[in-house]
Amino acid sequence: MWSEQLNALTPAQREAVEHREGPLLVLAGPGSGKTRVITHRVANLLRHGVPPRRIVALTFTNKAADEMRARIDQLAPGQPVWMSTFHRFCARLLRDYAPSIGIRENYTIYDTSDSRQVLKRTLEALDIDATLYTPERIAAAISWAKNNLITAEQYEPRSGHPLGNIVSRVYPAYQARLLASSAVDFDDLLLHVATLLRDNPETRAALDERFQYILVDEYQDTNLAQYSIVRALSIDHPNLAVTGDPDQSIYGWRGANLSNILDFEDDYPNVRVVKLERNYRSTKRILRVADCLIGYNQRRKQKGLYTENDEGQCVRLTAYPTQRVEAESVAAYIAQEVHAGNRRPRDFAIFYRVNALSRSLEFALRDQGIPYQMVNGLEFYQRKEIKDVLAYLHLINNPRDDNALLRVINMPPRGIGKTTIGRLVAHADQYRISLLDAAREAGMIESLNKRAAVAVAKFVAAYDQLAVHAAAPVEEVLGHVLSGSGYQKFLADSENEEDQERLANIEELLTAAREFDERNPSDAPLESFLEDTCLVNDTDAWAAEDDQVTLMTLHASKGLEFPVVFIIALEEKLLPHERSRENNDLLEEERRLLFVGITRAREELQLSLATYREFRGQRRHSVPSQFLMELPRDEMDVVEPAASATSAWEPGDADAEFAASDDDIQFDPEQLERATPPETDAGSSSSLTAATSAASITTAAKLQQGSQNAPPPPSPEAFHQGMVVRHPEYGPGKIVALSGSGARRTATVAFAAGAGEKKFVIAKSPLQPARST
DNA sequence: TGTGAGTTGATTTTT
DNA sequence: TCAACTCACA
């Protein structure tokens with residue numbers, strides 16, 4: 001069986017798979033079976049008796065980690081090999097070593113917007129005028145420093161650098177705030193672990209011993225922090241295997257250092273280098289186009305990409321008059337292929353440089369009735385209501401989390417306004433205590449008037465009630481938060497339609513919590529749930545199995561492949577992006593980005609641009625991307641911009657169609673809105689939505705059944721958060737929280753008539769759903 | 001203190 | 001274009 005699998009590999013792949021001890025560098029071109037090599041190599045190690053817990057595989061995205069886990073499980077079932085993203089790996093380690101870097105085990109992870117809030121507050125407190133340098137620029141500078149292992153104490157501005165001078169003041173203050181809140185930002189996860197390993201030789205040695213075999217995927221995207229973590233863990237056991245492709249390094253802006261992979265052979269002298277140059281994915285033509293383009297880069301390792309695949313069609317390069325024609329044309333082509341039965345929607349992907357470019361495509365696809373999935377719409381976990389509710393959970397988990405407190409103290413409105421909060425903050429600063437502790441002392445703060453102090457005290461009391469349930473299953477904690485904070489009632493009472501949508505989103509969060517509880521019976525459920533939600537992104541929700549066209553940024557496309565790929569807006573200032581044109585390193589990265597996009601295509605590829613593009617509400621004339629001049633014309637079908645506003649796949653009917661739609665100025669956007677299929681509103685959360693609506697269908701069915709039969713056995717699914725129920729003895733009550741599943745599903749009910757809160761196992765209780773108001 | 005209108009200002013890519 | 005922020009008013 002195993003030798004069969006080995007035989008299925010090429011000699012080069014096999015060499016990498018069978019390599020066990022010592023450093024290994026796999027230079028893998030696109031589509032060369034890199035994931036296959038990694039997974040088989042792990043399986044090979046296991047087969048040779050390496051205990052699974054001695055192995056860790058690090059990736060950059062959850063998606064990649066999940067995929068690997070699934071594939072390794074196929075090769076070597078039931079072996080708990082640790083596969084995770086760098087950030088998750090570090091988050092776990094920090095849990096064990098938190099005290100040694102000055103935070104608590106229950107620390108909070110701040111996402112970008114959280115840390116931005118903290119930074120803004122820091123700037124305010126330091127009285128720094130943010131008009132000269134925006135918080136974003138300062139944040140970028142701090143992030144850069146952290147990724148390069150420069151701590152707040154070590155940071156020194158380059159002389160004569162005004163931004164640096166500001167950063168040298170802000171960075172330590174910002175960091176102090178994080179530490180005081182027992183919080184870390186994304187960069188800290190790496191920085192703290194890197195410094196921990198650097199400053200504690202015993203810890204380093206212990207972890208080096210623990211992780212004897214380390215694999216790193218996409219090594220070209222590691223930054224200095226990641227590099228030094230991996231390095232520190234591979235000194236006594238230098239069985240470090242990295243895979244990557246310098247030509248696919250596209251995260252330089254995030255501190256990725258191309259030298260890490262280019263200099264790997266210098267860092268690890270006895271390294272075995274394996275090059276995977278044969279491509280199994282694309283046609284010859286597509287590959288030659290990609291190869292020709294990337295040849296214009298200076299900083300790279302020469303590779304000879306080749307494939308035994310078919311010659312394939314020419315790569316199409318099409319210029320459209322406007323971005324609307326571009327979008328409609330792409331959508332029409334997809335529709336035509338789908339209707340003709342040649343392809344399915346999921347065979348297609350459309351890539352663009354910036355998210356803002358997706359809009360016209362969405363309209364066009366809806367118009368054609370083609371289902372699509374956008375990776376990275378409004379991210380679920382970034383929605384206000386979700387962040388609000390999660391902030392309650394964060395505060396329960398980590399009472400020192402000032403950022404969470406500020407978010408929830410007046411949400412729903414409790415009459416705690418700006419001035420009151422300002423006074424609480426002043427008090428907390430003065431005594432160097434957390435805001436929650438300051439709030440506890442509200443009665444003693446002189447500047448606070450009675451009314452404000454009472455409001456704050458009520459908040460603290462409500463919080464304490466919630467905190468009692470901290471150790472319960474997440475769904476239950478969440479239920480208590482929704483009931484006890486008044487947030488659910490606040491939204492339910494609102495006339496605003498948007499708020500009803502928010503309720504539905506919260507319902508999804510409850511579903512997610514429930515699924516988490518089922519999947520993850522841990523002793524600190526809240527903590528791990530929060531860690532989970534902080535480190536997911538919506539690319540992870542991308543469902544390859546759905547039959548939909550995929551829309552995503554070029555960055556998000558890395559690691560994926562599709563039969564047909566469209567890359568739009570190949571225009572100067574967009575690709576290359578305008579901020580990347582000044583400096584050659586940045587320009588090369590843009591070229592790599594296009595290279596990544598091109599090499600996602602298996603059979604067909606179309607590149608396009610529009611002569612006029614509306615961007616930021618303004619129509620402007622665009623200049624073709626300089627990269628277009630670097631593509632080999634003999635591999636391509638070039639359709640130049642025509643004088644008449646037509647350029648399409650097939651002359652004739654298609655032309656007429658486009659011309660008509662372009663001239664039709666009285667085109668009514670509302671019609672498009674009405675034609676919108678309901679499920680396309682939020683691509684990222686579609687699976688959750690499906691789960692929720694399936695649940696509510698059962699609910700309705702059971703309800704009906706219940707009203708017909710005399711002694712109806714209530715199904716646990718018939719009950720949901722906030723619902724009004726009736727108990728034969730205690731009378732009417734409201735469900736405050738739910739937890740568990742199936743026969744063990746329990747409901748906590750608050751009864752009206754002073755009977756207080758009671759907990760029932762639903763299946764064994766006489767609870768009945770009552771009509772809610 | 002809360003709300004809503006109006007203004008401003010900023011816009012790459014993501015763990 | 002759109003979201004965040006400001007400011008005036010209830």
Side-chain angles (χ1 to χ4, degrees), chain A residues 58-65 84-91 109-117 120 124 130-131 134-137 139-140 143 146-147 184-191 218 221-223 225-226 249-256 351-360 375-376 378-379 381-384 409-422 449 451-452 455 490 494 496 531-540 552-558 569 573-581 586 589-590 592-594 596-597 614-619:
Chain A
L58 298 173
T59 62
F60 280 81
T61 63
N62 297 304
K63 191 174 61 190
S84 92
T85 63
F86 266 101
H87 287 84
R88 227 172 253 275
F89 176 74
C90 291
I109 301 169
Y110 284 166
D111 69 17
T112 311
S113 66
D114 294 327
S115 48
R116 205 54 41 87
Q117 295 294 323
K120 281 183 185 163
E124 232 169 87
T131 49
T134 62
E136 276 64 35
R137 285 191 66 185
S143 175
K146 287 184 174 182
N147 285 325
V184 302
D185 63 22
F186 283 145
D187 300 319
D188 281 338
L189 287 170
L190 305 174
L191 176 66
E218 309 281 13
D221 286 328
T222 48
N223 58 36
Q226 288 158 331
S249 164
I250 53 176
Y251 286 102
W253 53 275
R254 228 169 69 189
F351 304 150
Y352 32 79
R353 177 66 233 262
V354 297
N355 276 122
L357 291 169
S358 68
R359 167 159 295 193
S360 48
V375 176
N376 243 16
L378 221 197
E379 300 171 32
Y381 286 103
Q382 293 300 322
R383 289 171 199 216
K384 182 186 181 303
I409 192 167
N410 200 34
M411 184 51 64
R414 299 185 173 88
I416 303 175
K418 220 174 166 183
T419 33
T420 307
I421 291 172
N449 60 42
R451 194 167 141 172
F490 168 69
S494 159
N496 195 334
E531 181 188 303
D532 228 47
T533 56
C534 290
L535 296 176
V536 296
N537 76 33
D538 289 348
T539 315
D540 304 330
M552 54 169 65
T553 62
L554 285 162
H555 281 89
S557 76
K558 195 169 71 166
K573 296 189 178 178
L574 282 169
L575 186 63
H577 192 271
E578 55 183 328
R579 295 203 190 174
S580 301
R581 298 191 308 166
L586 294 176
E589 181 153 316
E590 296 286 306
R592 291 194 291 266
L593 196 50
L594 179 56
V596 166
E614 267 173 49
F615 201 61
R616 286 142 56 166
Q618 278 194 337
R619 170 178 262 235

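For clarity, every value in this text was computed on a predicted model and none was experimentally measured. A, B, ... follow the sequence lines: proteins, then strands. Residue 1 opens every chain.
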(request) Could you work out which one of C/dT1, B/dG2, B/dT13 sits closest to the side chain of A/Arg359? (result) C/dT1
(request) Taking all non-hydrogen atoms of both residues into account, name the closest pair between A/Ala556 and A/Lys63 and its distance. (result) O-NZ, 3.7 Å
(request) Figure out the CD/C1' separation between A/Glu124 and C/dC5, and round it to whole Å. (result) 12 Å
(message) Assuming nearest nucleotide by heavy-atom distance, tell me which of A/Cys534 and A/Phe490 is located more 5' along DNA chain B.
(response) A/Phe490
(request) Report yes if a side-chain nitrogen or oxygen of A/Lys120 is closer than 4.0 Å to either non-bridging phosphate oxygen (OP1 or OP2) of C/dC5; otherwise report no. (result) yes
(request) Please measure how far the P atom in B/dT11 lies from the corresponding atom in C/dT6, and state the result in whole Å. (result) 15 Å
(request) Could you tell me which non-hydrogen atom of A/Ser249 sits nearest to which non-hydrogen atom of A/Glu589, and how far apart they are? (result) O-CG, 3.9 Å
(request) Measure from CZ on A/Arg383 to C1' on C/dA4 and round the result to the nearest Å. (result) 19 Å
(message) Regarding A/Lys384, tell me which of base, sugar-phosphate or nothing describes its non-hydrogen contacts under 4.0 Å with the strands shown.
(response) nothing
(message) Base, sugar-phosphate or nothing for A/Phe86? Non-hydrogen atoms, less than 4.0 Å.
(response) nothing
Sort me out a list of protein N/O and nucleotides 5-12 of chain B N/O pairs below 3.5 Å, or just none if empty.
unit_1: B/dT12; atom_1: O4'; unit_2: A/His577; atom_2: NE2; d: 3.4
unit_1: B/dT12; atom_1: O2; unit_2: A/Arg353; atom_2: NH1; d: 3.1
unit_1: B/dT12; atom_1: O2; unit_2: A/Arg353; atom_2: NH2; d: 2.1

(message) Heavy atoms only, 4.0 Å cut-off, all strands: where does A/Arg414 land among base, sugar-phosphate and nothing?
(response) sugar-phosphate
(request) For A/Met411 and B/dT1, give me the distance from atom CE to atom P, rounded to whole Å. (result) 15 Å
(request) Measure from CD1 on A/Ile416 to P on B/dT3 and round the result to the nearest Å. (result) 14 Å
(request) Establish, yes or no, whether a centroid distance under 6.0 Å links the rings of A/His555 and A/Tyr251. (result) yes
(message) For a 4.5 angstrom cut-off between non-hydrogen side-chain atoms, does A/Leu189 reach A/Leu535?
(response) yes
(request) State, with a plain yes or no, whether a side-chain heavy atom of A/Phe351 is found less than 4.5 Å away from one of A/Thr553. (result) no
(message) Using a 4.0 Å heavy-atom cut-off, does A/Thr112 contact any base of the nucleic acid, only the sugar-phosphate backbone, or nothing at all?
(response) base
(message) What is the distance, to the nearest angstrom, from the CG atom on A/Leu190 to the P atom on B/dT14?
(response) 17 Å
(request) Give A/Asn410 one of three labels, base, sugar-phosphate or nothing, depending on what nucleic acid heavy atoms sit under 4.0 Å from its own. (result) sugar-phosphate
(message) Testing the basics here: between A/Ser557 and A/Val596, what is the closest heavy-atom pair and its distance to 0.1 Å?
(response) OG-CG1, 3.9 Å
(message) In whole Å, I'd like the distance from the CZ atom of A/Arg116 to the P atom of C/dC5.
(response) 12 Å
(message) What is the separation between atom CE on A/Met552 and atom C1' on B/dT14, rounded to the nearest whole Å?
(response) 13 Å
(request) Answer yes or no: is there a side-chain heavy-atom contact under 4.5 Å between A/Leu190 and A/Gln226? (result) yes
(message) Rounded to whole Å, how long is the line connecting atom CD1 of A/Ile109 with atom C1' of B/dT14?
(response) 15 Å
(request) Give the minimum heavy-atom separation between A/Thr420 and A/Ala452, together with the two atoms involved. (result) OG1-CB, 3.6 Å
(message) From C-beta outward on A/Tyr251, which listed nucleotide comes closest to its side chain: B/dT1, B/dT14, B/dG2?
(response) B/dT14
